[in-house]
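Here's the structure, in structure tokens; my notes come after.
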2 protein chains.
Amino acid sequence: MNQPKRYLDIVLDIRKMISQEKIRPGDRIPSERELAETLKVGRSTIREALRSLELLGLIETRRGEGTFLSDHRNHQLVEVLSTFILQDNQSQKDVWETRMIHEISAIQTICGNESACQLPVWDSFSKRIEEEESFLREDLVKEIMVLSGNRLSLKIWLLLAQYSGNFYKSRVTMDETEMIEDVLAAIRQQDAEKAASSLKIWIAWLQKESKKDDDDT
Amino acid sequence: MNQPKRYLDIVLDIRKMISQEKIRPGDRIPSERELAETLKVGRSTIREALRSLELLGLIETRRGEGTFLSDHRNHQLVEVLSTFILQDNQSQKDVWETRMIHEISAIQTICGNESACQLPVWDSFSKRIEEEESFLREDLVKEIMVLSGNRLSLKIWLLLAQYSGNFYKSRVTMDETEMIEDVLAAIRQQDAEKAASSLKIWIAWLQKESKKDDDDT
DNA sequence: GGATATGAGTGGTCAGACCACTTTCAAAAA
DNA sequence: TTTTTGAAAGTGGTCTGACCACTCATATCC
């Protein structure tokens with residue numbers, strides 16, 4: 001009789017307890033020793049359940065204080081999973097493409113928002129280009145991702161950026177200033193269509209250059 | 001000095017070990033006692049790390065046999081998470097939106113591929129609608145995701161689908177057959193523009209209905 | 001040769017012991 | 001009286017050692 005794992009029951013018990021006791025995000029949940037006693041299991045079993053929930057970002061533990069129901073702002077789950085998922089050598093192409101999916105969607109979202117398009121940030125990038133004061137490629141794209149307002153998409157994007165090699169984290173060169181200006185101009189004009197296509201062109205160029213770098217290595 | 005949790009290090013250590021030893025899905029990973037000795041920590045700490053990974057569906061344990069690397073398809077994550085996480089309106093919205101980003105991108109990719117658009121799968125869905133033989137919403141969208149050819153995007157989508165509640169996993173109703181037919185028709189015509197907008201309309205409707213369900217609960 | 005018993009190895013669970021840390025609150029100092 | 005101090009209680013973090021239940025390979029017996 002291969003009985004189901006205790007710690008999984010505990011996970012459900014804790015969930016039930018939380019809903020019954022009306023514990024809200026940020027509230028403290030009973031201590032490990034307390035739970036062990038009321039649920040009539042060993043403390044280590046309780047801990048296995050709690051550690052699982054913690055890795056999922058559902059609870060938060062502070063030594064000396066207790067265990068708290070998380071307000072699940074942090075999906076650290078995604079991070080852990082991705083490091084596992086991406087390790088089976090997914091083609092670099094998929095990473096670039098997927099990151100681009102998020103970037104294109106973000107820039108289109110922004111173009112639908114007038115106030116976002118008229119932010120001084122965009123002018124500041126243009127100015128830096130004019131004055132030949134370089135900046136990180138990532139900074140510009142990150143601005144777009146943040147302003148899109150989708151925090152989950154931003155998280156995924158940040159993750160993907162890590163897997164895209166160092167190229168994305170380096171500075172813009174003279175060769176690409178024109179493409180970047182196209183993107184910035186499209187944003188100012190709130191032209192979602194043009195913004196998307198300009199961004200695509202830039203990213204495609206970046207990907208090609210990035211590949212060159214890889215071959216050198 | 002509030003040092004970081006040991007078990008989190010262990011999670012990373014195990015991941016490193018997996019990639020270094022070239023352990024593939026289905027393979028056995030070292031026993032708990034072995035890991036405890038080589039990583040120089042107590043067995044209970046190892047277990048906390050392993051239990052976490054198990055809840056994520058990354059590993060699978062069989063009493064008397066050992067611990068095995070899973071092919072990350074596990075479900076129990078779904079139930080636990082869906083009941084816990086995402087009462088937060090904003091993050092729920094983000095999940096839907098992000099999933100849609102991937103879906104729209106996938107359908108556009110497909111429309112650029114003639115052979116994919118003329119697959120008999122699409123007709124089979126149409127036929128089932130005509131004959132009022134229902135099917136799972138997820139099945140149709142999953143087909144789109146798979147055919148897009150981006151495995152990373154597919155994996156992220158699968159993850160997000162787990163967070164999206166049960167609604168996506170239920171069957172299509174009469175109310176939405178027209179919207180679905182629009183999508184299928186656009187695919188057949190390889191009209192990326194129309195396919196994207198039709199899909200958007202359907203998803204928006206789904207999201208609204210899903211919300212109704214939540215309110216009832 | 002085939003059925004059976006045994007033992008080694010594995011995960012599952014528990015109890016108890018420290019440790020490091022935080023909070024609390026009463027006693028001591030101002 | 002007010003402030004400071006510090007001891008105690010409570011918490012999570014970790015380790016150890018001990019069983020249990022189970023699987024599997026091997027040896028043993030018919």
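Letters go in sequence order (proteins before strands), and every chain restarts at 1.
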Polar atoms only, N or O, under 3.5 Å: list the protein pairs with nucleotides 7-10 of chain C and their distances.
| from | atom 1 | to | atom 2 | distance (Å) |
| --- | --- | --- | --- | --- |
| C/dG9 | N2 | B/Gly64 | O | 3.2 |
| C/dT10 | OP1 | B/Arg28 | NH2 | 3.3 |
| C/dT10 | O2 | B/Gly64 | N | 3.4 |

Can you tell me how far [atom2] of [N] sits from [atom1] of [X], to the nearest Å?
{"X": "A/Glu37", "N": "C/dC14", "atom1": "CD", "atom2": "P", "answer": "14 Å"}
{"X": "B/Phe68", "N": "D/dC22", "atom1": "CZ", "atom2": "P", "answer": "17 Å"}
{"X": "A/Leu55", "N": "D/dG12", "atom1": "CG", "atom2": "P", "answer": "18 Å"}
{"X": "A/Arg51", "N": "C/dT13", "atom1": "CZ", "atom2": "C1'", "answer": "17 Å"}
{"X": "B/Leu39", "N": "D/dT14", "atom1": "CG", "atom2": "C1'", "answer": "15 Å"}
{"X": "B/Leu53", "N": "C/dG11", "atom1": "CG", "atom2": "P", "answer": "14 Å"}
{"X": "A/Leu35", "N": "D/dG10", "atom1": "CG", "atom2": "C1'", "answer": "14 Å"}
{"X": "B/Arg47", "N": "C/dT13", "atom1": "CZ", "atom2": "P", "answer": "7 Å"}

Would you say B/Ser44 reaches D/dG13's phosphate, i.e. side-chain N/O to OP1/OP2 under 4.0 Å?
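For D/dG13, neither OP1 nor OP2 has a side-chain N or O of B/Ser44 closer than 4.0 Å.
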
So, does the side chain of A/Arg43 form a donor-acceptor pair with the base of D/dG13 at under 3.5 Å?
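Result: at least one qualifying N/O pair found.
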
Taking all non-hydrogen atoms of both residues into account, name the closest pair between B/Cys117 and B/Cys111 and its distance.
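What the structure gives for the nearest pair is SG-CA, 3.6 Å.
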
Output the distance between atom CD (A/Gln207) and atom CH2 (A/Trp202), rounded to the nearest 0.5 Å.
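It is 13.5 Å, given to the nearest 0.5 Å.
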
B/Gln118 atom CD: more than 12 heavy-atom contacts under 6.0 Å
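Atom CD in B/Gln118 is packed in, count exceeds 12.
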
Is the shortest heavy-atom distance from the side chain of [X] to the side chain of [Y] under 4.5 Å?
{"X": "A/Ile10", "Y": "A/Leu35", "answer": "no"}
{"X": "A/Arg137", "Y": "A/Thr173", "answer": "yes"}
{"X": "B/Asn113", "Y": "B/Thr109", "answer": "no"}

